[in-house]
Amino acid sequence: MKTFIIYPDKARALGNVMNNNSNVLDMVEVNSNVIPLLDEEHPITPEEGNQYCPPMTVDYDNLQFPIFQMNVLGSLYDTSLTLDVSANALYVGDGVTITATLRDNNGNLLDGAIAFKCGNDCITNGNNTGNNDVYASTTNGVVSFNYSFDSMGEYTITARSVATNRYHSSESFEEISVSKKPVNIWINNVSDSGNDGSIADADTGYNNVGGSDSYVGSNTEYNDEIQFKVQLVNHNDQPITGLSYSITLDDQLFDTGTSTANGEIYTISNLDSGEHTLTVYFPGNNMYASRTETIGAYNGSQLEVYVSYETTDLLNAASQLYTGVLEVDVYYKTNPVAGLPITVIIGNIDISDTTNSSGSVVISGWPLGKGTHSVVVNTSATNQFTATTTTTTVTVP
């Protein structure tokens, strides 16, 4: 409830009951009750004994005039203000719409002036004016404008309407969280199209993948060049350009680049055989969050291993134990591989040897009983060949 003090004027007889101490405009079209102010510090006790407080008065030309108090009924002039920020997930640099709606106590749209703040900064009409307050006028009770945030953080958006001669001020606020934009890194396996020398996606399913189950160069041979493409995209899978990133191969810096709309292609040469780790790292900036993507890089020629066993003598007829010749042959395509260390395991027995000039390891006198036996052959990795494990069976009839 808002209170005004009414002072009588010398010209009271002319109907002007206000003087310069009061504001007539404050009382236009208001609902109020008017009561005299009582002088509670100087009570009067009549002869009858009932004490009362006389009205407070002011002296005009040696005449005492009462002073009245006007109590404006505040609830009739209350206003409500609602605030809305258009997006639920806010990212740095994204534009959002901030809307405020002003109503009177009956819910009717009300014209007025509203100031908007983000923390301590005024942002009315989408312009940050710092501590300088700016007000926007409603149109049919509504003010709306676009705004964007240049850094991540937790923010409080506040809208406050300006009090008028008739309506009180009201305020509304909304807590919002602004995050850096997420970045996804795509590492694509690529291959030569074979027609015009251009590079085309090999459609190997390695887009935006990570972990040891995904590789680039999974079909390459030793000394082949491995090509891959790096592309940075947003949360809607749209390319992002101009972001700097680094590439490491087995934890060593391999190259650096800047994201482009179509992605950048890189070539790995002279890679030792076997599995390798390829990592692309974007460190982040004031708008985008950092991101790391790691996949495997694989290189090496695959070997083919053949195992045979031929019995030569019967050692024990009762137990049907034989001796024979176990032969392991190692090939790359159709060529025997000489000088390759291998290990042969049958049951609890294992023998290590090196392939001869024919790509073979021949072991005579290996005892085996009648039946089927599992044979495991492990080949060692070299700069050219990938380590392999081959499991097969041999049968003694």
Side-chain angles (χ1 to χ4, degrees), residues 85-98 118-119 123 126 128 146-157 174-191 198-218 225-268 271 275-299:
V85 179
S86 62
N88 293 324
L90 299 180
Y91 295 120
V92 175
D94 283 353
V96 297
T97 301
I98 298 175
C118 178
I123 60 169
N128 192 321
N146 293 325
Y147 190 71
S148 62
F149 301 86
D150 57 9
S151 61
M152 64 179 293
E154 304 295 325
Y155 297 94
T156 300
I157 306 299
E174 186 167 341
E175 303 283 350
I176 62 171
S177 179
V178 179
S179 305
K180 290 186 177 182
K181 295 181 179 181
V183 173
N184 291 322
I185 299 175
W186 289 359
I187 307 174
N188 301 342
N189 200 22
V190 296
S191 62
S198 62
I199 299 299
D201 287 346
D203 193 23
T204 51
Y206 300 128
N207 290 3
N208 194 22
V209 293
S212 59
D213 292 334
S214 302
Y215 297 92
V216 293
S218 58
E225 291 183 338
I226 298 175
Q227 292 184 318
F228 62 96
K229 181 170 69 174
V230 175
Q231 190 173 26
L232 274 59
V233 299
N234 63 19
H235 58 287
N236 292 320
D237 290 340
Q238 299 300 313
I240 308 172
T241 62
L243 300 184
S244 298
Y245 56 85
S246 61
I247 306 171
T248 56
L249 182 61
D250 297 333
D251 297 324
Q252 299 296 317
L253 181 64
F254 171 74
D255 208 339
T256 59
T258 301
S259 62
T260 60
N262 295 320
E264 290 296 300
I265 293 174
Y266 300 88
T267 301
I268 303 175
L271 185 64
E275 298 180 4
H276 302 268
T277 300
L278 184 69
T279 300
V280 179
Y281 170 63
F282 166 63
N285 56 23
N286 63 328
M287 183 173 293
Y288 292 97
S290 63
R291 180 63 184 256
T292 300
E293 194 70 42
T294 299
I295 68 171
Y298 182 86
N299 192 39

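Only a predicted model underlies this, so the values are computations on that prediction, with no experimental measurement involved.
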Residue pair N184 / D237, side-chain heavy-atom distance below 4.5 Å: yes
**Item:** Pairwise side-chain contact, I187 with V280, heavy-atom cut-off 4.5 Å (strictly under)
**Value:** yes
| message | Using the rule given for side chain to side chain contact (heavy atoms under 4.5 Å, CB included), can you reason through T279 versus I247, listing the C-alpha separation, both sets of side-chain angles and the distance that settles it, and then say yes or no? | response | CA-CA 6 Å; T279 300; I247 306 171; over 6 Å; no
Sorted by chain and number, sequence neighbours left out, side chain to side chain contact (heavy atoms under 4.5 Å, CB included) with S151 holds for Y155
For E154, the side chain to side chain contact (heavy atoms under 4.5 Å, CB included) test, sequence neighbours excluded, returns S177
The single option from I98, N128, I176, I157 that satisfies side-chain contact (heavy atoms from CB on, under 4.5 Å) with C118 is I157
Contacts satisfying ring pair (Phe, Tyr, Trp, His ring centres under 6.0 Å) that involve residues 228-249 (not counting sequence neighbours) are Y91-H235, F228-Y266
Residues at least two apart in sequence or cross-chain that pass side-chain hydrogen bond (donor to acceptor under 3.5 Å, both in side chains) with N285, listed by chain then number, are none
By side-chain hydrogen bond (donor to acceptor under 3.5 Å, both in side chains), T156 pairs with (sequence neighbours left out) E175
Quick check: do N234 and V183 have side-chain heavy atoms less than 4.5 Å from each other? no
N/O donor-acceptor pair under 3.5 Å between S86 side chain and T97 backbone: yes
Contacts of T267 meeting side-chain hydrogen bond (donor to acceptor under 3.5 Å, both in side chains) (sequence neighbours excluded), chain-then-number -> Q227
Residues passing the side chain to side chain contact (heavy atoms under 4.5 Å, CB included) test with N286, sequence neighbours excluded, are none
Tightest non-hydrogen contact, residues S148 and G93, listed as CB-O, 4.0 Å
Any heavy-atom pair between the side chains of W186 and V233 that's under 4.5 Å? yes
Taken in chain and number order and not counting sequence neighbours, the residues that satisfy side-chain hydrogen bond (donor to acceptor under 3.5 Å, both in side chains) with K180 are none
Exercise. Tell me, do F149 and V96 make a side-chain contact under 4.5 Å, heavy atoms counted?
Worked result: yes
Note: N262 and K229 closest approach over all heavy atoms is O-CD, 3.4 Å
Donor-acceptor contacts, no H, no angles, side chain residues 250-261, under 3.5 Å, sequence neighbours left out:
residue, atom, partner, partner atom, Å
D250, OD1, T277, N, 2.8
D250, OD2, H276, ND1, 2.7
S259, OG, I240, O, 2.8
S259, OG, G242, N, 3.1
S259, OG, L243, N, 2.9
T260, OG1, G263, N, 3.2
T260, OG1, G263, O, 3.3
T260, OG1, E264, OE2, 3.0

### Message
Determine whether a donor-acceptor pair (N or O, by modelled atom type, separation under 3.5 Å) exists between the side chain of R291 and the backbone of F282.
### Response
no
dist L90:CG -> K181:NZ (nearest 0.5 Å) comes out at 11.5 Å
Rounded to the nearest 0.5 Å, the CD atom of Q231 sits from the CG atom of N188 at a distance of 7.0 Å
